[in-house]
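Take a look at the structure set out below.
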Amino acid sequence: MGYTISIPVQDLELRTKFFQFMEKNFRHWSIVTGKTPDEWRGSGGPPTDDVFERPTSIGFNYQSGMGGFERDYLYSVIRWMAIKVGDRLSEMTIDETDTGPKMAVTFPQPTPYYHYDCEPFENPVLVVTENQIPTLDKDSRHWAVDELGIRIGPTAINHQLMSASEARLFNEGPINEMIEEVRALGQKPKNPDEEEAWWERRKEIQLKYLKPTIDENLTLIRKEIQRLDQLWMSEV
């Protein structure tokens, strides 16, 4: 099963220029990490401008098996693309319920965004600093990124832990030790206050074992997007 993420570019002329830039300069995650492509299942392919019913869009197709930091990389790149050349909206639907899209949210200023497949809602790209995150409402913090499109704040930690856990590490000794420590916490409490503390303790245990992997991969993602950013800025 395949998926597509894409951004609507501001106009066709810019899309053509930026797509040619990405065709030339985008590097697959296997190249960024210095590994061979067959080590990654479900890998994202090169950029595409063949996006269903979105004639001014650029995006990526990928398989459902893609996970871990390869997915983080691709989504960080698409958010960076949205920041650089994407269209902006002041109002957008950012989620949906079982009965359909929620009411649209209005942002203080036009905001870049990306699409996931053909879903009827948008994914806003809120560029903020770490210090600004507390000023966002709780729902908006989910979309907080830095100027390169890399997630920051509490949501970023959750995504990074999930990615590290998926990064083909389960047969390694330290990961088995982490699993044992997590199991020792016991079942998740039913009391809301106790449950929150249980989750925080779980994160502490995971970070103790997974932080080196997280730091290594985030450094690779940041350096690669910085490379793209510098190359693009030299052309505009």
Side-chain angles (χ1 to χ4, degrees), residues 3-10 51 54 56-60 62 67-69 71-166 192-193 195-200 202-204 206-207 210-211 214-215 217-218 221-222 225-226 228-229:
Y3 300 95
T4 301
I5 49 174
S6 65
I7 63 158
V9 183
Q10 295 165 12
V51 180
R54 303 191 191 280
T56 64
S57 292
I58 300 174
F60 296 96
Y62 65 91
F69 286 98
R71 182 184 57 220
D72 282 1
Y73 169 60
L74 212 58
Y75 273 76
S76 295
V77 170
I78 203 77
R79 289 191 294 263
W80 170 78
M81 291 166 55
I83 293 167
K84 290 300 172 180
V85 300
D87 197 6
R88 267 78 169 150
L89 289 175
S90 293
E91 184 178 88
M92 64 183 87
T93 303
I94 65 172
D95 204 349
E96 64 177 339
T97 65
D98 293 339
T99 58
K102 291 183 178 178
M103 184 177 296
V105 174
T106 301
F107 294 91
Q109 59 187 17
T111 302
Y113 60 99
Y114 65 94
H115 286 284
Y116 175 75
D117 281 337
C118 298
E119 297 287 359
F121 56 87
E122 292 82 24
N123 294 272
V125 180
L126 302 182
V127 181
V128 295
T129 65
E130 290 277 1
N131 292 335
Q132 291 174 316
I133 290 177
T135 68
L136 300 174
D137 62 77
K138 186 176 180 180
D139 290 339
S140 295
R141 292 174 195 175
H142 178 79
W143 311 109
V145 301
D146 65 14
E147 72 280 357
L148 294 176
I150 298 172
R151 286 185 183 274
I152 56 176
T155 304
I157 296 174
N158 294 336
H159 277 264
Q160 289 156 13
L161 284 172
M162 179 176 66
S163 297
S165 298
E166 293 176 349
D193 293 334
E195 180 183 348
E196 184 175 352
W198 184 89
W199 279 113
E200 288 304 315
R202 190 174 188 270
K203 286 182 185 179
E204 290 175 6
Q206 290 176 313
L207 280 170
L210 299 177
K211 193 172 187 302
I214 289 172
D215 289 344
N217 282 276
L218 284 180
I221 291 171
R222 184 170 298 279
I225 296 180
Q226 285 174 333
L228 287 171
D229 193 68

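Quick caveat: nothing in here was measured; it's all calculated off a predicted structure. Values below: all heavy atoms of this structure, side chains included; hydrogens, waters and symmetry mates excluded.
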Could you tell me which non-hydrogen atom of I83 sits nearest to which non-hydrogen atom of V145, and how far apart they are? CD1-CG2, 4.4 Å
Is I221 close to L148 at the side-chain level, that is, under 4.5 Å between some pair of heavy atoms? no
Considering all heavy atoms, the nearest V85-I7 contact: CG2-CD1, 3.9 Å
Report the distance from atom CD1 of I150 to atom OH of Y73, rounding to the nearest 0.5 Å. 11.0 Å
For the residue pair M81 and I78, establish whether any side-chain heavy-atom pair is separated by less than 4.5 Å. yes
I'd like to check S163 versus R71 (side-chain heavy atoms, cut-off strictly below 4.5 Å). Are they in contact? yes
I'd like to check I214 versus F69 (side-chain heavy atoms, cut-off strictly below 4.5 Å). Are they in contact? yes
When rounded to the nearest 0.5 Å, the distance separating CD of E204 from CG of L207 is 8.5 Å
Is the shortest side-chain heavy-atom distance between Q160 and N217 below 4.5 Å? no
Are there more than 12 heavy atoms of other residues, nucleotides or ligands under 6.0 Å from atom CD of E196? no
Pairwise side-chain contact, F121 with I94, heavy-atom cut-off 4.5 Å (strictly under): no
Out of curiosity, F107 CZ to Y113 OH, how far, rounded to the nearest 0.5 Å? 11.5 Å
Which heavy atom of S57 sits nearest to which heavy atom of P8, and what is that distance? OG-CA, 3.5 Å
Looking at T155 and R141, what are the two nearest heavy atoms and their distance? OG1-O, 3.7 Å
Drop me the distance from L161's CG to L210's CG, to the nearest 0.5 angstrom. 6.0 Å
The side-chain hydrogen bond (donor to acceptor under 3.5 Å, both in side chains) partners of E195 (sequence neighbours excluded) come to W199
Looking at every non-hydrogen atom in both residues, tell me the closest pair between I225 and V77 and how far apart they are. CD1-N, 4.0 Å
Can you name the nearest heavy-atom pair linking V128 to A144, along with the distance? CG2-CB, 3.8 Å
The complete set of side-chain hydrogen bond (donor to acceptor under 3.5 Å, both in side chains) pairs with one or both residues in residues 144-154, sequence neighbours excluded, reads D146-R222
side-chain contact (heavy atoms from CB on, under 4.5 Å), paired with P124, selected from H142, M92, R88: M92
List the steps and the verdict of side chain to side chain donor-acceptor pair (under 3.5 Å) for Y75 and Y62. CA-CA 11 Å; Y75 273 76; Y62 65 91; 2.6 Å; yes
Given 3.5 Å as the limit, does a donor-acceptor pair link the side chain of S140 with the main chain of K138, or not? no
Using side-chain heavy atoms (C-beta onward) and a distance below 4.5 Å, is I5 in contact with Y116? yes
Residue pair E122 / T93, side-chain heavy-atom distance below 4.5 Å: yes
